[in-house]
**Q** 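I have a structure I would like to understand better, so I am pasting it below and will then ask my questions one at a time.
The structure displayed is predicted, hence computed values, not measured ones. The first residue of the sequence shown is numbered 1, and numbering continues consecutively from there.
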Amino acid sequence: MENVIAALLFALLVASGTLGVSSLGMFVFHRHENRDTQQRERLEYAFFGLFGVVVMLMMWYAL
């Protein structure tokens, strides 16, 4: 029971890292027929990808 906080931080690290890296992959490989829609969706993927990676690095530092 003494490592519950570390386990929760690790779970958050893995979850945010997975979502961040997959969002960055979608940023690179996502294509859409409408150029405006594609740019908006790629901006969202980039934001969530970078946010996920930043949260992952913060949890890594917290461990």
**Q** What distance separates Ser22 OG from Tyr45 OH, expressed to the nearest 0.5 Å?
**A**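 It is 9.5 Å, given to the nearest 0.5 Å.
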**Q** When clusters are formed by joining ILVMFWY residues with side-chain heavy atoms under 4.5 Å apart, either directly or through shared neighbours, do Leu43 and Leu24 land in the same one?
**A**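 Shared cluster, no.
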**Q** Among Glu41, Glu44, Gln38, whose side-chain hydrogen bond (donor to acceptor under 3.5 Å, both in side chains) with His30 holds?
**A** Glu41
**Q** Check Ala46 against Phe27 and note the closest heavy-atom contact, atom names and distance.
**A**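 Heavy-atom minimum between the residues: CB-CD1, 3.7 Å.
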**Q** Stepwise, does the side-chain contact (heavy atoms from CB on, under 4.5 Å) test hold for Tyr61 with Leu57?
**A** CA-CA 6 Å; Tyr61 181 73; Leu57 292 174; over 6 Å; no
**Q** Measuring from atom CG of Asn3 to atom CG of Leu8, what distance do you get when rounded to the nearest 0.5 angstrom?
**A**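 Result: 11.0 Å between the selected atoms.
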**Q** Please give me the minimum heavy-atom distance between Leu63 and Ala6, naming the atom from each residue.
**A** CD2-O, 3.6 Å
**Q** If you look at every heavy atom in Leu9 and Met59, which pair is closest and at what distance?
**A** CD2-SD, 3.4 Å
**Q** Do Val14 and Trp60 belong to the same hydrophobic cluster, where Ile, Leu, Val, Met, Phe, Trp and Tyr are linked whenever their side-chain heavy atoms lie under 4.5 Å apart, directly or via other members?
**A**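 Linked, Val14 and Trp60 end up in one cluster.
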**Q** Assigning hydrophobic clusters by single linkage (Ile, Leu, Val, Met, Phe, Trp, Tyr; side-chain heavy-atom cutoff under 4.5 Å), is Phe10 placed with Ile5?
**A** yes
**Q** Look up atom CZ in Arg42 and atom NE2 in His32, then write down how far apart they are to the nearest 0.5 Å.
**A**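 One gets 13.0 Å once the value is rounded to the nearest 0.5 Å.
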**Q** Could you give the distance from OG1 (Thr18) to CE (Met56), rounded to the nearest 0.5 Å?
**A** 9.0 Å
**Q** When clusters are formed by joining ILVMFWY residues with side-chain heavy atoms under 4.5 Å apart, either directly or through shared neighbours, do Phe48 and Val53 land in the same one?
**A**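 No, it is not one cluster - the side chains of Phe48 and Val53 are not joined through contacts under 4.5 Å.
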**Q** Is Arg31 atom CZ crowded by more than 12 heavy atoms from other residues, nucleotides or ligands, each under 6.0 Å away?
**A**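 Atom CZ in Arg31 is packed in, count exceeds 12.
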**Q** Would you confirm whether Ser23, through its side chain, and Gly20, through its main-chain N or O, come within 3.5 Å as a donor-acceptor pair?
**A** no
